[in-house]
Structure formats: structure tokens, C-alpha cells
Amino acid sequence: LKLLLALMIISSFAELVSLSAVFPFLQVLINPNNIWKNQFIQNIAFSIGITTPQELLFPITIGFVITALFAGLVRLMTLYFNSQLAARIGSDLSCEAYENTLYQSYGFHINSKSSSLIATFNTDVGSVINGVINPLLVLISSALIFSGLVITLIIINYKIAIGSALLITTIYSIAFKISKLPLQSL
């Protein structure tokens, strides 16, 4: 569980780095001279043998690709460990249910069908895993990533971040109210 939480936090930071790498990448694509005006960028560029703004395209593209791949890999690892934890919890629940059934009275076992009990265990435990535990783990992971992205967007440009948040919230609210009307008529 600690490993999964650490991986969720690392995934959040990897997404932040990936998002942060988009801006220099787009800037070097659109107008490399703007990014070249930054003295820090020039110092780094000169130290690795880059002498013109156009030569920045390749290393910044490679940096962007590496950060995006790393963020994707960490996200996949997080999903894998989410699934592993959910499966282990499901296994524990199944064992507990089976053990509780074994300790029932002899009369209980005579009057019940073992195949229906096993089918019920499989169905119920599967429902709990797929309907509660797995979505909860994905929600926690997504909430950490979302929080990190929102904080990063606020740091980069709080006016655009707040405006975008209000616009998205308004659109979702309208969509929710529109979709709620047909559901109420059912």
C-alpha cells in the first residue's frame, strides 16, 4: 500500500514534468528565437555545443518525448499496482467468505448447494472489486494527478487556470442538468 501511494505521488510529479515540458517544446516549434533570448537556455545550449536557436529543436523534442514516455510508464505502473492490490483484496475477501462458510453447521451444508455458494462468492467479490475497490484506487490516483496539474497550471498562469476551471465547471454543470432531465423521466 505504501509503494502504491508513493507510485501515485511519483505519477503525479511525472505528469507535472510532462506538462511543464510541453511549453518549451511548443515554443521551440513556433518561435525558437523567443526561447533563445533566455540567458539560462543559452548557457546550457552553448555548453552542449548548440550555437543557434534552430538547433534547439532536436534536444528539446527528445526531452519532451522522454518526459512524456516516463510519465506514461509511471502511469501504467500505477495502474498495474492498483490492479494487483485490488486482486489481493479480492483474494482476501474470497478466502474470508469461504472460511466463514466452512465453519457453518452441518445442517447448513446439507441444505445448501456448494456450486451456488461458490458462484455467489465469485459474483459478489468480483462486484466489490470491480465496482468499489478498483474505481476507488483509480479515483485516488487521478485525484493526486489532478491536484498536481491544477497547482502547476495555477503557478504557470493563475488567470487562465481559474478561467478554464470556471468554463469547464459551467459546461459540466450544464451537461449534468441536461442529462438529468431524461433520467428523471425513466
Contact summary for [X] and [Y], nearest pair of heavy atoms:
X: Ala71; Y: Ser18; answer: CB-CB, 3.9 Å
X: Leu56; Y: Ala45; answer: CD2-CB, 4.1 Å
X: Ser11; Y: Val74; answer: CA-CG1, 3.4 Å
X: Gly148; Y: Leu16; answer: O-CD2, 2.7 Å

Atom pair [atom1] ([X]) and [atom2] ([Y]), whose distance is rounded to the nearest 0.5 Å:
X: Phe23; Y: Leu26; atom1: CZ; atom2: CG; result: 8.0 Å
X: Leu144; Y: Ile140; atom1: CG; atom2: CD1; result: 8.0 Å
X: Ser147; Y: Ile9; atom1: OG; atom2: CD1; result: 11.0 Å
X: Thr61; Y: Ile66; atom1: OG1; atom2: CD1; result: 11.0 Å
X: Leu29; Y: Ile35; atom1: CG; atom2: CD1; result: 10.0 Å
X: Arg75; Y: Met8; atom1: CZ; atom2: CE; result: 8.5 Å

Is it true that [X] and [Y] fall in one hydrophobic cluster, defined by side-chain heavy atoms closer than 4.5 Å?
X: Ile44; Y: Ile62; result: no
X: Leu5; Y: Ile145; result: yes
X: Leu73; Y: Leu7; result: yes
X: Tyr106; Y: Tyr103; result: no
X: Leu3; Y: Met77; result: yes

Would you mind listing every ring-ring contact (aromatic ring centres under 6.0 Å, His included) that reaches into residues 27-63, with sequence neighbours excluded?
-> Trp36-Phe46

Verify the neighbour count for atom CG of Leu57: are there more than 12 heavy atoms of other residues, nucleotides or ligands below 6.0 Å?
-> yes

Residue pair Asn43, Gln39: steps toward the side-chain hydrogen bond (donor to acceptor under 3.5 Å, both in side chains) verdict = CA-CA 6 Å; Asn43 291 339; Gln39 190 62 40; 3.2 Å; yes

Would you say the side chain of [Y] lies within less than 4.5 Å of the side chain of [X], judging by non-hydrogen atoms?
X: Leu19; Y: Leu153; value: yes
X: Ile162; Y: Lys159; value: no
X: Asn33; Y: Gln27; value: no
X: Ile50; Y: Pro59; value: yes
X: Pro32; Y: Glu55; value: no
X: Ser112; Y: Leu117; value: yes

Side-chain ([X]) to main-chain ([Y]) donor-acceptor, under 3.5 angstrom:
X: Ser164; Y: Ala161; result: no
X: Asn130; Y: Gly126; result: yes
X: Gln104; Y: Asn100; result: yes
X: Ser141; Y: Leu137; result: no

In terms of ring plane angle, is the pair Phe64 and Phe25 parallel, tilted or perpendicular, where the classes change at 30° and 60°?
-> parallel

For residues 81-97, which side-chain N or O atoms pair as donor and acceptor with protein atoms under 3.5 Å away, sequence neighbours left out?
| from | atom 1 | to | atom 2 | distance (Å) |
| --- | --- | --- | --- | --- |
| Ser83 | OG | Leu79 | O | 3.1 |
| Gln84 | NE2 | Tyr80 | OH | 3.4 |
| Ser94 | OG | Gly90 | O | 3.1 |

For side-chain contact (heavy atoms from CB on, under 4.5 Å), just list the numbers for Val17 and Phe70, CA-CA rounded to whole Å, side-chain angles, deciding distance to a tenth of an Å, and then say yes or no.
-> CA-CA 10 Å; Val17 171; Phe70 177 73; over 6 Å; no

